[in-house]
Structures are given as C-alpha cells and as structure tokens.
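A, B, ... follow the sequence lines: proteins, then strands. Residue 1 opens every chain.
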Amino acid sequence: MAKIRTRFAPSPTGYMHVGNLRTALYSYLIAKKDGGDFILRIEDTDRERLKEGAMDIIYDTLRETGLNWDEGPDVGGDFGPYIQSERKTIYMEYAQKLLQSGHAYCCFCTKERLESLHTEAGGIAKYDGHCRDIPLDEALERVRNGEPYVIRQKMPREGTSSFTDAVFGYVEIDNSELEDQILIKSDGYPTYNFANVIDDHLMGITHVVRGNEYLSSTPKYNLLYDAFGWERPVYVHCSPVMKDQHAKLSKRNGDASYQDLIAKGYISEAVLNYIALLGWSPKGEEEKFTLAEMTQVFDIGGISKSPAIFDPEKLRWLNAEYIRAMSDEQFHEAALPFIRQTVKSENADTRLIAKCLHQRTEVLGEIGAQIDFIDTLDDYPVDLFVNKKSKSTLESSKAMLEAVIPALEALPNWEQDTIHECLIGMAQSMEVKNGLLMWPVRIAASGRTVTPGGAVEMLGILGREESLRRLRKGLEKIG
RNA sequence: GGCCCGGUGGUCAAGAGGCCUAAGACUCCGCCCUUUCACGGCGGCAACACGAGUUCGAAUCUCGUCCGGGUCACCA
C-alpha cells in the first residue's frame, strides 16, 4: 500500500481554536501511525480575511505541541509551493481543463443578479444555471473582451452520488441537491472547494481529515476527482468540538484558543492529550498519553460521530495529572514565572514554595492566589484562631504561641527539619495534639485558614525574621 | 424549509443481538489518611430520547416521532 500522506490546511485567520488543533492532531496521528507524511498547507485564497501574524500562530502552536510537519511553506518539500496564493496559476490551468472537457463553464452573472435570485426565493436558492449552456467559444470570446466572469462546476442534474466516509460510513445524496459551485472567483483566485481538491491531489494526499461541515459537500469534491480521472482520497470527517449543546467552540463566543489556555497555565501536553480524547476513545482504559504513545494507539475506528462538548473540568484534572507527574525540578521551572508574578521578594525560597505548591496546583495561573500572603500579611480576623477540627480556641492558641515563640527564637538554624522537630517535640512534651499547636502557628504566619502547606512549611518559606514577627503579631492580636 | 449527519449518566465515553442487573474517566457526595487545604486510598449517586416492529432474545437491526448539529456564499 502506498505511503499515507495527510495534511493540515488552516487558513491564516489569526486564531487556533481547539477544534482546529484537534483536526491537526488527528491528521498527524493518522499519518504517523503508519510512518506516513504530515503536510502543512496554508489556505489563503480569501484575500480579504488575511491576518497579520496569523502564520506565526500556526507555526508556534504546531511546534509547541510537537505536531511536526514533513513538508510545508517553511521547510519546503517536493510538492510545493505550500501556500495557495502562490499556486494561483496552477488552479487556473486545471480549471481550463475542466472547461475544455465540459465539466465546467464560464458564468457572467453579476452579484446583483445572484442576490435577486436569493431574495426572490426568500433567502435560500441555488444558482439557476443561467450561464450553463453558453457555448464555450462564445464564452471565451467574452472573456477576451474583458467581461468579468467566474468559472463554475457543471453538476449532473440526475442520479445520485455516494461515498464511504471512514467515520460516518456510507453517505448518499441526490445530485439534484448539488449546486453549480464556483471554482474560480472573479479575482482569479480559486475557491476553497476547488483549490482544496487540486492541492490534495497534486500533493498526493491519501487521507483527507477535516470537520464534518464538509460532509455534505464531499460529493462535489468527488465529482471533481472523477472529472479529472483522479483517485479519490479516504475521507475522515470529524464532528465539531462544542462549547455547549448548541454552540461550537469559537472565537466569537470568546472561547479559549490554544494560546489562551497556555497563558492561563495549562500544560501543552495536557491540552493535546485532552483534545485527543474529545471525540476519540482509546481501546483500553488508559487515558493519559504522550504524543508518541498516541501515535501508537490511535485508531480511526475510535473517532465518534457525535459532537463532543469541551469540558473545562476534565481538562483541569488532566492538567493537574501532568503537573503532579513532573519532578520537583520540572515543576519549579514551569511554576517560577507564575510564582514571580506574586512573590517579588528576592530572598524568597522559590524551591520550597514550588515544593509546597506542586501537589496542590491544577493550573499554573492559579498559583498567585495561593501564595499572595507571602509578601504581605493582610489584616485578618482574630477568630481565625478558633477551629473546631483541631479544637483550637483563643485561649489554646494564645498558650501555644506563647510557648512556641521562645522555642523558635532559640533554634540554631531555620531548616525545615529543625522547625518540624521543634514543633512536634513541643506538642509531645505539652501533651497536646499536633493540630492544636500547629493551627495557631499557621494562622499567625499566613492570616489564612487555607495555605499550600502546613505550619512548618509556612515558617520555612517566610524565613526566621518574618516568621517570628508574624507570630508575635498574632499573639498580640489575641491579646 | 430541502438535503445530510447524529442522539448511552451533568460531561467525555465503552458497547458490533444473548457475556448488560450497561464498563471506565471527569464532576459531585461520604469515609480513611492528615498540621489547614490538597495529594493518595476506599465507597456511593447518576444513562440506553420516545413509540412501533424484526427476533426465543434489542442499547445494539428496521421504520416513525421528537430533539440536536451541519449544509444550501465570488468564506474556508
């Protein structure tokens, strides 16, 4: 069997949404599973929607996620150019062939006429084939005279067309449903519908992976393949990723793009892993996969037909799994920029902070809220010292702090082990539960009931001087 | 509206006529661990859209209904 070749063909609109990325992922996986090639092609035939910097977003996203392409605009390849606007003459050449073979015709209808066709029909109307039967030589003459025109595909008006999709199975449609769609626009550029087919064939694409909004127009593409006598590709149509039951995930809805998720502190691998699971399920029960593992286990048969709703909760969980699986060193590196947004103090021990945060962090961007008491201790209500689980009362808290402060002052160093030994030892000799002693210490140190670590860790992070200052202040507060 | 596609817990989903008294994961709840919160461990709640068929037997096949999505551009 011939080598598998798939492509990802985004248009540079400046936004890489999650559904797009997933399509890229599936394309990549289908090719790589069988040692095939993954090609990047840019579809920029809509000259009005070009966006500055959009190409970089595409490149960066694919690179960061590891979806490396074998051929593309920047790396070249044997089937270039890989940017459609640079292939303009190619499309015209093939459109001419269709004109000659009678599978296409020149249409001189004005936009106004087409619009009136729609308004007369109350909004929805197919092109009426007004120019369909203009003899070719007459049409060509009018073209030479400079009359504006488009080239349309001549659809059969009877019979049916069918194909078998790799995920949806057998699909059949009446040819009468097909419109004489435009192949070449009046500006000389091809429409997506045409460029896509020409490029996919010329680039040797064997598996076309795309959103299922193309499912019902696939027969049109097939007719084009047939007209040229080309072999049809395997189609893999994927249902969309939804925001909710009714709406797709989209920029319009203000939904997160890949870039947004990364900025919020999601891990690239986790995002990729999660979207793989949206609409595809592996054979076994394992859900966590590296890209390399996915390449092994991916199977077209596991792609589901129904749309999948993007679940931020599950992404969050998976992200946390990836974070927990990091070494302390890796986590420190990943978390440092986020820690530094909140903790400015130069002598803060970011390694210790990171160690505390590690198992408690699901999304890196949420680190700040956990540790903003480190630089400054806000005023806090005195009744935080009262807690029923540890049986803490104002009286007990006062007694504990009074005992703990001098003991800590006398410590030879401020290592975690030393502090821990000291505090636990005191609880024992005073014959109280650890919690009763630890509670007021942690409250005084942080001014909070919830902290990323226990009393010992908090003292360690704050350092001797600041710790003692806060403990004394706490004692004062209780009065 | 015509045509195409889909419909298993709140979400992602397994399921290919008997193995289904319907897996697993996320969420949620309870318990344990514990120096708070997490992590971890254990347990729990929760679904075959509806109605007819076919069959000894249907989540699985057929038809209809309902619901949802897509498509009908000189956008991709």
Undergrad: Let me spell it out: for each of A:S281 and A:S217, pick the nucleotide of RNA chain B with the closest heavy atom. Which residue's pick is nearer the 5' end?
TA: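 Comparing both residues, the 5'-ward one is A:S281.
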Undergrad: For this output row, return yes or no: ring centroids of A:F310 and A:Y274 closer than 6.0 angstrom.
TA: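 Ring centres of A:Y274 and A:F310 closer than 6.0 Å.
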Undergrad: Is the ring centre of A:W69 less than 6.0 Å from the ring centre of A:F8?
TA: no
Undergrad: Indicate yes or no for a side-chain donor-acceptor contact from A:W317 to the backbone of A:E362 under 3.5 Å, with no hydrogens or angles considered.
TA: no
Undergrad: Whole angstrom is fine here: how far is it from CD1 in A:I309 over to P in B:rG9?
TA: 11 Å
Undergrad: Between the side chains of A:R448 and A:D378, is the shortest nitrogen-to-carboxylate-oxygen separation below 4.0 Å, so that they form an ion pair?
TA: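 A:R448 and A:D378: not salt-bridged.
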Undergrad: Roughly how far apart, to the nearest Å, are B:rG10 and B:rA47 at atom P?
TA: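 Taking atom P in both B:rG10 and B:rA47, they lie 7 Å apart.
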Undergrad: Taking a pair as Watson-Crick or G-U wobble with both distances under 3.5 Å, which nucleotide is matched to B:rC42?
TA: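 Matched B:rC42 with B:rG30 under the 3.5 Å cut-off.
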Undergrad: Searching all strands shown, indicate the nucleotide that pairs with B:rG1 (Watson-Crick or G-U wobble; both distances under 3.5 Å).
TA: B:rC72
Undergrad: Describe the nucleic acid contact of A:S306 in one word from base, sugar-phosphate, nothing, applying a heavy-atom distance below 4.0 Å.
TA: sugar-phosphate
Undergrad: Heavy atoms only, 4.0 Å cut-off, all strands: where does A:N193 land among base, sugar-phosphate and nothing?
TA: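 Counting heavy atoms under 4.0 Å across all strands, the contact made by A:N193 includes a base.
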Undergrad: After noting the C-alpha distance and the side-chain angles of A:N20 and A:T23, does the key distance pass the side chain to side chain donor-acceptor pair (under 3.5 Å) rule?
TA: CA-CA 5 Å; A:N20 259 164; A:T23 305; 5.2 Å; no
Undergrad: Counting only Watson-Crick pairs (N1-N3 plus N6-O4 or O6-N4) and G-U wobbles (N1-O2, O6-N3), all under 3.5 Å, who is the partner of B:rU21?
TA: none
Undergrad: Does B:rA14 have a Watson-Crick or wobble partner in any strand here, with both distances under 3.5 angstrom, and which is it?
TA: none
Undergrad: Got a donor-acceptor pair under 3.5 Å from the side chain of A:R442 to the base of B:rU36?
TA: yes
Undergrad: If you assign each of A:W280 and A:I424 to its closest nucleotide in RNA chain B, which residue comes earlier from the 5' end?
TA: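 Its nucleotide being nearer the 5' end, the pick is A:W280.
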Undergrad: Roughly how far apart, to the nearest Å, are B:rU34 and B:rG40 at atom C1'?
TA: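 Nearest-Å result for B:rU34 against B:rG40 at atom C1': 11 Å.
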Undergrad: Tell me which nucleotide, if any, is Watson-Crick or G-U wobble paired with B:rG64 when both distances must be under 3.5 Å.
TA: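 Across any shown strand, B:rG64 pairs with B:rC50.
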Undergrad: With a cut-off of less than 4.0 Å, is there a side-chain N or O of A:R324 near OP1 or OP2 of B:rG40?
TA: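 Yes, such a contact exists.
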Undergrad: Any strand is fair game: report the nucleotide pairing with B:rU35 by Watson-Crick or G-U wobble, both distances under 3.5 Å, or none.
TA: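 Across all strands, not a single nucleotide pairs with B:rU35.
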